[in-house]
Structures are given as structure tokens and as C-alpha cells.
Amino acid sequence: MSTKLRFIIVGAGMSGILAAIRLKQSGQTDFTVYEKGNSIGGTWRENRYPGLTCDVPAHCYTYSFAPHPDWSAFYAPGPEIRAYFEKVVDDFGVRDFIRLNSEVSACEWDGARWQVTLADGTHDHADIVIAASGVLHHVNEPDIPGKADFAGAMFHSARWDDSVALDGKRIGVIGNGSTGVQIVTALADRAAHLVHYQRSPQWIMPVQQFAYSDADRSAFRADSDKIDAIRFGDEYWGGIRRFNSAIIDPDSAEMREIEDYCRRNLEETVRDPALREKLRPDYRAACKRLIYSWNYYDAAQKPAVTIQTGRIERIERDGIRMADGTFYPLDVIVLATGFHADRFIRPTTVRGENGADLDTFWKDRPTAHYAVTLPGFPNFFMLNGPTGPVGNFSLIDIAERQWDYIVQLMEPILEGRARTVQPTRAAHADYDRRRIEAARGTIFGSGCSSWYLDKDGVPLTWPWSYDAFAEAMAKPDASQYAWA
Ligand code: NAP
């Protein structure tokens, strides 16, 4: 890179840290990462619930340039992941570029640059904005009648209240996505009574968790090939590719294999036939984001745990009443009810050329050209933006590939041959049309509710193969872009 430009990165989570490191490594020094929170780490800062674990193998959930021999287990606990990002920020010298407690409230294109306003009223400007603001951070507070009547403690899973005692308490967990499942497995031995409220049961993919010993960690330290064998080996990537084939072709042999695994897990692990039927979903495996767990069904069968299906009628002063009249008294209610996944950088105001605003551009659904750029919004790049790959993949790998794509788009600007870049409207419209058509045919569109779906029920996901994504990111198609 040669021309010195000013960059603003929005968000100091995994993607924003990546962008900062890559910019610094390329010789850019005029950039700021604005972070609304009081520390870095994004989702790993926001989520602190008991049982928080990443369901991507730890060695595969690292930056490609920063392997980490010290993980305590095959699937790493959340606090270790947060500590990893803190360490990387220091190891790669980007901490001084990060401004904490600095929420970006508006990004406005003035015809030449981005004018950026912060929530405290201060201003900044940039030639290029990188929106790395995450996906799952606007909490979904369920609209359940009677919430205000509850006399105990109640909080969302991403707003964990550490002051609330859990041991020996009667706890209700509403929601059984990955979060609710992890919380229930962590609290099953601690609560006097733990009620797991499930509006729709989930398929559970069995996986093996195991701790790494000191000897393992020494071996990883001594020989990075041992880490690479996990990161780049067939076991992980073969699994990714098979899973991906299943998602995009619900009639595939790979999908049947996943369904068999999940069904056998249910049949063979849950002993009580009545409980088994309660836990049996009425939609296809992987229609919702598939849950990987090594111990959820064990937790669900513990004497202190009750699985409660059906509709919640209301929250009362002392507990939760179901539509069929069932009532359990509770001291604590955890709302593991997920997130509004369609917000992305919003509520930040984003105005592109001629004042065009992002809310209007996204009135039908959030979208971005190949999940990265927006027509009418020059020099504005998204990491893990809408229509990006989802599935049970490492979002770090996705962000790294997107960054490589962004760098190529910026190249003419960095070399002084252009000032701006954006996708053409025609190219983006074509991408959107093809993507929506393909997404309807994926397993995510096979008939269930999930955060993958937009308001019209179309999966907001990358609908093609992982390899197609890697290929698209490897080299942008110049005919789809306009440099000026
Ligand atoms: P989620 O998957 O969206 O699950 C939300 C749950 O809340 C669902 O069971 C939903 O029921 C229920 N719910 C929502 N509103 C409700 C209401 N009014 N009444 C009763 N139930 C209600 O959210 P999440 O579990 O937080 O997970 C979100 C995503 O975060 C995951 O899919 C994953 O991508 C990520 N995550 C990853 C990990 C990891 O290990 N990597 C761990 C945790 C989370 P319905 O299903 O019936 O709508």
C-alpha cells in the first residue's frame, strides 16, 4: 500500500481487531477503531453466561496468523477466547488505535469522505469506513405478558447479572438456542430446580469435548504443525465441507447423515420415552442453526431439570404460568431469547451518496454485495455483514477472506488511481436475485423459525458452497465494481 489514507473501523470485536491488525501490517497508521463498549472482544465481551463455549474447535477459532497453543479444551470456554483477543491486540500492537466507550452514531458521505459523528457529539472523518459492528448484539427481549410482575431476578443471557446467586435456586431458562442449551448444561447441577422452557425443541448434534493436558499444550508450543493439523486438517475442513453440502442441498447424502446423527443421539441418549418425544423437533435437523453439544441430553435427564414445552401464558410474581396452566415457582429467570439479527451497524445512521440512507436501502431486507459492499455507499466495507456465510463455521476465517477481498477493492485507491469504489447497482441486484432464489432452497428455508430468516422468511445467508465463497473472496470481479 502506498497512499496514506484515513480509515475508521466501527467495532473492536473479532472483525474490527482483524482489520486494525491488517491495516497496521500494511503500513497504514492513520486509523481509529471506535468501540462503544468499555473493552474489546465483541460477542465475547457481551456474553458472560455460565457454560459459554465456542462450538468451533478452539484451534480453528483463531486468526490464521495468531495460533494459540494454550487452549484448555477442544472447545474453548468464552473467557479464554476473550483473553485470546486481548492478547492478540497487544501482541500485534493495535491497542493504541482503539477508542473505547466511543459509540459511532452516524457515518455520512459528503461527496469526498465519510463524516463520522460519535454519540458524545465529537466528529471525525475518514476516506474509508470498515463496519465491523457484529451481528448478534441487539438483544431480543421477549414480549411475554407479566414480565414486570416478577419478584425475582430476570435478565437476558447477554446481560448477565453477576450479582444474582444461582446455587440452590429455582431457575427458569427461556429459549433453547445454542445459548439456552449451554446455560442449562452449566446450571443443571447447581440449581435446586431448573426449568428449561422450549417453544420449539432443537436437534442436537453430538460432539466430543475433551481437555488439553499440560503435555498437549507443551507439544503444541514445541511444534506448530500439531496445531496446523487441527486447523487445516481433513477432520475439520472435511466436516465443514460436508456440513456445507448438506445445508445447500437438503436432499443430499450429507444431510441424511446429519439427520441420522441427530436422530440417533435423541433415540439412544434420552431414556424416558415421554421426555424423548418432548425433545423431538417437528422440522428438519439444521433448519435452525444446529446445536453442537456433548452433554445437553444428560443435563435434560437430571432429576433437578424439567423440560417444559408449549406456550408461556404469562410471567407471574413467583414464576411462569404455561398456557395449559402448569406453573413452576422460580427465583431467577434467564431470557436466552436471542438477538435481532437484522440490525448490523444500525442504529448508527449511515448515509451514502446524495443522502441515501441505509435504512431505506435495507427496507426489504439487509443485504450487501457479496456481504461486503453497498451500491451508493462508496468506500464503505462490511466484515461479517448481511448475506455472509453462516452455518457452524469459524467467523474468523470468513472475516479474513472478506478482508483479502476488501484489500483488492481498495488497491486502486491506495495506489492513487481512484478515490472511491462501490459495486454497481446492476451487479448487486443480480447478486441479490440469485442469492434469494438459492437461499430459499437451502435447509434454512425448509420450514422452521430461526434468526437466519428475514421478515419474508427468506434465509439471510450465503446459499452456495463454502468453496464458492472462498473463490468469490479470492478475487473480486472487477466488472461488478465502479472505481471513480
Ligand atoms: P436463538 O438461537 O435465536 O434462540 C432463541 C431462543 O429463544 C429460541 O429457542 C426461541 O424459540 C426462544 N424465544 C425467543 N422469543 C421467545 C418468546 N417470546 N417466548 C419463548 N421463547 C422465545 O438465540 P441464541 O441461543 O442466543 O443463539 C443465537 C446464535 O448465537 C446462535 O445460533 C449462534 O450463532 C450464536 N451462538 C454461538 C455459540 C457458539 O457456541 N458458537 C453459543 C451461543 C450462541 P423458537 O426457536 O421457538 O423461536
Side-chain angles (χ1 to χ4, degrees), residues 43 47 55 135-145 147 156-158 172-184 195-205 243 246-248 250 255 258-259 262-263 265-266 277-293 296 300 307-315 320 322-324 333-344 362 364-367 386-393 435-463:
T43 198
N47 286 288
D55 62 8
V135 188
L136 300 169
H137 53 116
H138 296 283
V139 301
N140 173 35
E141 285 280 346
D143 193 14
I144 300 172
K147 263 168 47 183
H156 189 275
S157 55
V173 176
I174 301 178
N176 56 332
S178 304
T179 303
V181 161
Q182 290 183 350
I183 293 171
V184 166
V195 187
H196 196 187
Y197 294 91
Q198 315 201 341
R199 191 163 62 177
S200 21
Q202 289 267 15
W203 289 108
I204 307 283
M205 173 66 109
F243 188 73
I247 287 171
I248 62 178
M255 191 66 237
I258 289 174
E259 286 175 322
C262 293
R263 199 176 302 110
N265 190 27
L266 178 66
E277 291 322 303
K278 266 190 180 177
L279 289 167
R280 190 186 301 277
D282 62 359
Y283 55 86
R284 297 187 65 181
C287 182
K288 294 174 190 276
R289 183 181 187 275
L290 193 54
I291 294 180
Y292 287 11
S293 179
Y296 177 68
I307 302 299
Q308 181 64 60
T309 49
R311 189 172 66 79
I312 293 173
E313 174 76 22
R314 60 182 295 109
I315 295 176
I320 295 180
M322 303 302 293
D324 68 2
I333 296 176
V334 177
L335 304 170
T337 44
F339 301 85
H340 295 291
D342 62 345
R343 306 306 297 156
F344 296 94
W362 282 355
D364 295 330
R365 58 178 59 81
T367 178
T387 79
V390 286
N392 298 52
F393 307 144
R435 190 202 67 78
I436 289 169
E437 191 181 312
R440 288 185 201 277
T442 62
I443 193 71
F444 303 138
S446 67
C448 65
S449 64
S450 87
W451 66 265
Y452 286 164
L453 303 180
D454 68 20
K455 63 179 169 40
D456 297 326
V458 179
L460 201 55
T461 52
W462 179 264

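For the pair L460 and P366, the tightest heavy-atom approach, listed with the atom from each and the gap, is CD1-O, 3.3 Å. In this structure, M322 and T309 approach most closely via the heavy-atom pair CE-O, 3.5 Å. Across all non-hydrogen atoms, the minimal contact from A158 to V139 is CB-CG1, 3.9 Å. Residue I307 comes nearest to A300 through the heavy atom pair CD1-CB, 3.8 Å, listed as atom of the first residue, atom of the second, then distance. The minimum heavy-atom distance between V173 and A336, with the atom names listed, is CG1-CB, 4.2 Å. Nearest heavy-atom pair across I443 and A246 is CB-O, 4.5 Å.
Qualifying side-chain hydrogen bond (donor to acceptor under 3.5 Å, both in side chains) partners for S450, counting only residues two or more places apart in sequence or in other chains: none. Among residues two or more places apart in sequence or in another chain, the ring pair (Phe, Tyr, Trp, His ring centres under 6.0 Å) test is passed with Y292 by none. The side-chain hydrogen bond (donor to acceptor under 3.5 Å, both in side chains) search around S157 returns none, not counting sequence neighbours. Considering only residues two or more places apart in sequence or on other chains, C448 meets the disulfide (SG to SG under 2.5 Å) condition with C287. Under the salt bridge (Lys or Arg N to Asp or Glu O under 4.0 Å) criterion, R435 pairs with no residue, sequence neighbours left out. With sequence neighbours left out, the side-chain hydrogen bond (donor to acceptor under 3.5 Å, both in side chains) criterion links S449 to K288. Residues passing the ring pair (Phe, Tyr, Trp, His ring centres under 6.0 Å) test with F339, sequence neighbours excluded: H156. For the ring pair (Phe, Tyr, Trp, His ring centres under 6.0 Å) test, no residue two or more places apart in sequence or in another chain qualifies with Y197. For T43, the side-chain hydrogen bond (donor to acceptor under 3.5 Å, both in side chains) test picks out N47, with sequence neighbours left out. Looking at residues two or more places apart in sequence or on another chain, you find no salt bridge (Lys or Arg N to Asp or Glu O under 4.0 Å) involving K278. With sequence neighbours left out, the salt bridge (Lys or Arg N to Asp or Glu O under 4.0 Å) criterion links D456 to R365.
Atom CG of residue L335 and atom CD1 of residue I144 lie 6.5 Å apart, to the nearest 0.5 angstrom. Between atom CG of residue L453 and atom OG1 of residue T461 there is a gap of 8.5 Å, rounded to the nearest 0.5 Å. Rounding to the nearest 0.5 Å gives a distance of 6.0 Å between CD of Q308 and CG of D324. Rounding to the nearest 0.5 angstrom, the gap separating the CD1 atom in I183 from the CD1 atom in I174 is 11.5 Å. How far OG of S446 is from CE of M255: 7.5 Å, rounded to the nearest 0.5 Å. Expressed to the nearest 0.5 Å, how far CG of L290 lies from CZ of F444 amounts to 9.0 Å.
Counting heavy atoms from C-beta on, the side chains of V195 and I320 never come closer than 4.5 Å. Two residues are said to be in side-chain contact when any heavy atoms from C-beta on lie closer than 4.5 Å; H196 and Y296 meet this criterion. Between D55 and M205, every side-chain heavy-atom pair lies at or beyond the 4.5 Å cut-off. A heavy-atom distance below 4.5 Å is not found between the side chains of N140 and W451. Annotation: side chain of L266 is not in contact with side chain of R263 (no heavy-atom distance under 4.5 Å). Taking the side chain as every heavy atom from C-beta outward, T367 and W362 approach each other to under 4.5 Å. In this structure, the side chains of F344 and V135 come closer than 4.5 Å at one or more pairs of heavy atoms.
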Open item on the list: Run T337 and E141 through side-chain contact (heavy atoms from CB on, under 4.5 Å) and show every step you take.
Closed with: CA-CA 7 Å; T337 44; E141 285 280 346; over 6 Å; no
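Within a 6.0 Å radius of CG in D143, other residues, nucleotides and ligands contribute 12 heavy atoms or fewer.
Here the side chain of N265 pairs a donor or acceptor atom with the backbone of I204 at under 3.5 angstrom. Using modelled atom types, one side-chain atom of Q202 and one backbone atom of N176 make a donor-acceptor pair closer than 3.5 Å.
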Taking only distance into account, with no hydrogens and no angle test, what donor-acceptor pairs under 3.5 Å do side-chain atoms of residues 279-286 form with protein atoms, sequence neighbours excluded?
unit_1 : atom_1 : unit_2 : atom_2 : d
R280   : NE     : E277   : OE1    : 2.9
R280   : NH1    : E267   : OE2    : 2.9
R280   : NH2    : E267   : OE2    : 3.1
R280   : NH2    : E277   : OE2    : 2.9
Y283   : OH     : P201   : O      : 2.5
R284   : NE     : E259   : OE2    : 2.7
R284   : NH1    : P250   : O      : 3.4
R284   : NH2    : P250   : O      : 2.6
R284   : NH2    : E259   : OE1    : 3.4
R284   : NH2    : E259   : OE2    : 3.2

